[in-house]
There are 2 protein chains.
Amino acid sequence: MSTTPLAAPRRATITDVAREAGTGKTSISRYLNGEMSVLSPELRARIEAAIERLNYQPNQMARGLKRGRNRLIGMLLADLTNPYSVEVLQGVEAACHALGLMPLICHAANEVEMERRYLQLLTTYRVEGVIVNALGVREETLRPVGGGGIPAVLVDRLVDGLVADMVGLDNRAAAELGTRHLLDNGFDDIWFVVQPFEQVSSRQLREAAFREVMSGVGGASGAHGPSGKDEGGKGGARGHTLVLNLAEPAAVERALAELDRAIDASGDLGGAAASVTDNATRSAIDRTGGKGRRIALFAANAPVALCLALHLKARYGADWQARVALLSIDDPEWAELTGITAIRQPTYEIGYRAVEFLHERIEGIQTTARDCLLPGELIVRASTSR
Amino acid sequence: MSTTPLAAPRRATITDVAREAGTGKTSISRYLNGEMSVLSPELRARIEAAIERLNYQPNQMARGLKRGRNRLIGMLLADLTNPYSVEVLQGVEAACHALGLMPLICHAANEVEMERRYLQLLTTYRVEGVIVNALGVREETLRPVGGGGIPAVLVDRLVDGLVADMVGLDNRAAAELGTRHLLDNGFDDIWFVVQPFEQVSSRQLREAAFREVMSGVGGASGAHGPSGKDEGGKGGARGHTLVLNLAEPAAVERALAELDRAIDASGDLGGAAASVTDNATRSAIDRTGGKGRRIALFAANAPVALCLALHLKARYGADWQARVALLSIDDPEWAELTGITAIRQPTYEIGYRAVEFLHERIEGIQTTARDCLLPGELIVRASTSR
DNA sequence: CTGTTAGCGCGTTCAC
DNA sequence: GTGAACGCGCTAACAG
C-alpha cells in the first residue's frame, strides 16, 4: 500500500530521462542499446541514476516502429485443449526467452474463422514471424504467411500450397513403432482410429504408415490411396482404419458402434490377469492367443484416445481394458493413470526447434524449406504388455 | 504457389494508400476509423479500391503509439499445464474478441522469475491492462500492476498487498459443497489434500471452509488459524488437512506415506460393488458403514487429484477406488474416465468476467476493488456415490 | 467535406 | 563524446 502510489503517473519517456540526466535523447538511446563504449563513465552514471529515479522503461512499440522490428512473433495454435499444444508451447517460450523474442499466443479453438482473424491480427501488429499449428485447411486462409509474406514455420502439420519450414514428429516412424509393438505383443486385430485426415498431413502419414506395416510390405513405398477401410496382412493379422470425426457427434456414435461390434465379436483379451494390476510383472506375453482374436486400438492422438477410453469405459465398465488394448500417439497425463501404452512426442523440442528455425528466417537465411522430424518414444504400459 | 508472390513487397503504408487514392492521409485515417459520414461516397470508393489494390493493413503499433492505446492486454498465467488455466483462457479470448482486445498470453510456468520478467515485458509493450493468475507470492513482484500502475484484475487468487478487482470461484461455497456431499454420503474420515496454502488465497479459503464444516460449526465465523492438522467434528466424523507440496518430491512422498497409513488402517470402503461399475445405479447409500471408517480424499485442485490418483493406483492397483473415494475441485478430462466426483469451476465465465472487469477499468471506471465469486457445480460420480 | 500541420516515443544520421 | 534535426506510420487539431 505504501509502495503503490495511487496516482498513475504518466510513464516517463526517453525525453524525460534526457532532461533528468541533463543530456540529449541520443545518449539515452545509446545507453539503452548497450553502446557503453561511446559514453563517458560520468554521463553513463548520470543516465543510470535518472533511469532509476524515474523508473523509466523504454517503449517497445515506439522502438519497433522506428527500427522496423519489434521482436514479436506469433504462435497460432489450433487447439490448446490438446495437451500437445501446451507442451509445444513450453518449448516455444523457452526458446523465445533465450532469443529475446516475445511470443503472441493465439488460440484458434478449432475454428477456421478464428484462425483467419488471428493471422490478420498478427500481421496487423507486424510480428516478425509466425509459428503455426494450422487447423489443416488449405493455404487460402494462411495467405499473409510464408512464401512472399511474413516468415513462418509449420508445426506438426504441413499446409497444402504453403512452402515453409516445418518441424514435428516423425509420424511414419512413430506409427510403425506402435504398430510393430502391437504386432509383437500378439495382437492380430488392430484398429487404427483417427480423425478425418484428408486435410491433415500428420494424420495422413500416421495412417499410411500403419497400413503399410499391416499389409506386410515393410518397405518404404507409399501405398497411399484414399480407400479408408480394412486391410489384410502379416501372418493373418488384420488392420482396420476407423475415422472418428470428433466434431460430429452422430458420426462418432456410428464409428464407435462399428468398433463395438468388432469387440463383441472377438473373445476376451486373454485371461483373468488382463485387468491392469501390477505393471511390475511385464513378463513375456502369451502369444498362443485364447479363443478369438486379440484386438487392439491404436489411437492417432490423445483426443481420439480419450474419446475411445470414455466410450469403452461406459460400455464395458471399469474393467474395459480386459477386453481391448489401447495404444495412443501422445502421452496425456491420464495415460499413466489408466495404464494405456503411449508414444510420447518430443513436444518441448518441437517447440524449441520451431522458434530456432523461425529466428533464422527472420535473420534472413535463404535456404529452401526445411523439415525437422523428431522421433517419438514408446512408453509401454500394462494395456498392451503383461 | 501462384498466389504467393515470392518477393516480400514492403508493406504498404497509409501514405502509399493516400497517393494511390489521390488524396491525403487524413481521409484514409478517417476511413479506417469508420468516420464514413465525413467522406464523399466518391472518395470513399477510391480509398476502398486503393486499399484493396495495395492489400493495405494499418500498422497497429504506429496507431497505438499515437492514440495512446494499443488494445493490448496481458494475460499472465501461473501454470498452463493446469487445465483450469486453459479453460479460463477460452473465456478470456472470447471476451477479448467481443471487445476488440488482443490478449498477450504469458506463461510463468510456476517460476517467480518468469512472472517478474513477463510483467516487465508487458509494461514495456504498454499493454492497457493485465489479467493475472498470480503465482501467489507477495505483491513485491507485481509492482508495476494495480493500484497506481496499469489496471489489473486478479483471477482465482488475491495477492497480498495488491488492491485490484478479482474474479474466481466461490471457494468457501465450493469446499462446503464438497465436504457436505462426502458427509452426506456416509464418509466419516475425510482428508483434505492441498498444496501449500500460506501464499494462495483460494487454497486458504477452501481449506478453511472444509475445516469449518468438519468442526461442525456450520456458521460463517472464520475459524482460521495456521494449525494444519486434524480436527474432530460432526457426529464422530473426522477431518484432516494434508499438505502436498508438488514441487518437492520428498515432501510428497512423506505426505503420501501418512495417507497410506490412514488408508491401511481403515477397512475396505464398503462392499464388492465398490469397484466403479454402472453409475446408472446411484441409489441411496448405506450409511450404516462396514467395519472401520469410510475414508474419502478431498483434493483441493486437479494437480493434487492427479497426484493422489496416480499414487493410489500404484499402491492399491487398478481397483484403488474400492478402498478410497476421491473428490476433486476442478473437473479435468480424466475425471469422467476414472469416475471420481468433482466440483467443476465456471472457468469460461471466470475468464470472460475478468476481461469485462478489466475493460471497465481501462475505460476509466473508478469504483473500489470488486470481487466476483462464481459458484462451482458438483458432479457426482461413482467414486463417492453408489 | 477535405487537405495541412503537428506531434506520439524513439532511432538515426550528421554536424558540433 | 554529444546533441540537434528528421523520419517511422499514424492520429488529431486546425484551417480551407
Side-chain angles (χ1 to χ4, degrees), chain A residues 9-48 50-51 54-72 121-128 150, chain B residues 9-48 50-51 54-72 100 121 123-128 150:
Chain A
R10 203 183 91 282
R11 301 215 69 90
T13 80
I14 200 176
T15 310
D16 297 330
V17 180
R19 188 175 346 95
E20 180 80 10
T23 178
K25 299 191 299 177
T26 317
S27 303
I28 312 298
S29 175
R30 285 181 178 141
Y31 175 88
L32 292 170
N33 291 342
E35 303 173 29
M36 300 309 186
S37 53
V38 205
L39 295 173
S40 67
E42 192 269 337
L43 213 208
R44 180 172 157 183
R46 264 157 53 210
I47 294 180
E48 222 146 71
I51 287 184
L54 268 45
N55 192 349
Y56 167 71
Q57 298 183 243
N59 183 330
Q60 289 295 348
M61 295 309 178
R63 185 179 279 218
L65 185 56
K66 181 63 187 171
R67 130 184 335 171
R69 42 171 13 194
N70 49 206
R71 311 276 65 190
L72 255 31
L121 211 54
L122 287 175
T123 83
T124 251
Y125 277 102
R126 296 293 189 273
V127 295
E128 298 183 42
I150 83 188
Chain B
R10 204 184 89 281
R11 302 218 67 92
T13 80
I14 199 175
T15 311
D16 298 329
V17 180
R19 193 180 338 100
E20 181 79 10
T23 178
K25 300 193 295 179
T26 314
S27 301
I28 312 297
S29 174
R30 285 181 178 141
Y31 175 88
L32 260 31
N33 292 337
E35 304 173 28
M36 300 309 186
S37 53
V38 206
L39 295 174
S40 69
E42 193 268 338
L43 212 207
R44 180 172 156 184
R46 266 157 52 210
I47 294 180
E48 220 147 74
I51 287 184
L54 269 44
N55 193 348
Y56 168 70
Q57 297 184 243
N59 183 329
Q60 290 294 350
M61 296 308 177
R63 184 181 283 218
L65 186 54
K66 179 64 187 173
R67 110 172 8 157
R69 45 175 5 198
N70 50 206
R71 311 275 65 190
L72 255 31
L121 212 53
T123 83
T124 252
Y125 276 104
R126 296 293 190 273
V127 295
E128 298 183 40
I150 82 187

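In this structure, L39(B) CG and R30(B) CZ are separated by 7.5 Å, a value rounded to the nearest 0.5 Å. Distance check: R11(B) CZ to Q57(B) CD gives 5.0 Å after rounding to the nearest 0.5 Å. Taking CE of M61(A) as the start and CG of L72(A) as the end, the distance is 6.0 Å to the nearest 0.5 Å. Here L65(B) contributes atom CG and N70(B) contributes atom CG; the two are 9.5 Å apart, rounded to the nearest 0.5 Å.
Atom-to-atom, CG of N70(A) to P of dG11(C) comes out at 13 Å; the value is rounded to the nearest Å. Here the P atom of nucleotide dC8(C) and the CZ atom of R63(A) are 19 Å apart, to the nearest Å. Following rounding to the nearest Å, I28(A) (CD1) and dA4(D) (C1') show an atom-to-atom distance of 15 Å. Rounded to an integer number of Å, the gap from CG of D16(A) to P of dC8(C) is 11 Å. For the pair R19(A) CZ and dA4(D) P, the interatomic distance rounds to 13 Å; values are reported in whole Å. Rounded to a whole Å, the CZ atom of R67(A) is 16 Å from the C1' atom of dT13(C). Following rounding to the nearest Å, Y125(A) (OH) and dG9(D) (P) show an atom-to-atom distance of 18 Å. Protein atom CG of L39(B) is 9 Å distant from nucleotide atom P of dC1(C), rounded to whole Å.
Between R30(A) and I14(A), the residue anchored nearer the 5' end of DNA chain C, judged by the nucleotide with its closest heavy atom, is I14(A). Nearest-nucleotide mapping onto DNA chain C: of Q60(A) and P41(B), the residue sitting toward the 5' end is P41(B).
Under the 3.5 Å distance criterion, with hydrogens and angles disregarded, no donor-acceptor pair is assigned to the side chains of Y56(B) and E20(B).
In the set dA13(D), dC14(C), dT12(C), the nucleotide with an atom closest to the side chain of T26(A) is dT12(C). Distance from the side chain of N59(B) is smallest for dC10(D) among the nucleotides dC10(D), dT2(D), dG11(C). The listed nucleotides are dT2(D), dC1(C), dC10(D); the one nearest the side chain of A62(B) is dC10(D). Out of dG11(C), dT2(C), dG3(C), the shortest distance to the side chain of T23(B) is found at dG3(C). Closest to the side chain of L65(A), out of dC14(C), dG9(D), dC10(C), is dG9(D).
Distances shorter than 4.0 Å separate none of the side-chain N or O atoms of T13(A) from OP1 or OP2 on dC8(C). Here Y56(A) reaches the OP1 or OP2 of dC10(C): one of its side-chain N or O atoms lies under 4.0 Å away. Between S29(A) and the phosphate of dG11(C), there is a side-chain N or O to OP1/OP2 separation shorter than 4.0 Å.
Residue S37(B) is classed as a sugar-phosphate contact, given heavy-atom separations below 4.0 Å to backbone atoms only.
A donor and an acceptor atom never sit less than 3.5 Å apart when one is taken from the side chain of R126(A) and the other from the base of dG9(D). For dG9(C), the base has no donor-acceptor partner in the side chain of K25(A) [N/O atoms by modelled type, under 3.5 angstrom]. Applying the 3.5 Å distance criterion, the base of dG9(C) shares no donor-acceptor pair with the side chain of K66(A).
Residues T15(A) and I28(A) have side chains not in contact (no heavy-atom distance under 4.5 Å, counting atoms from C-beta outward).
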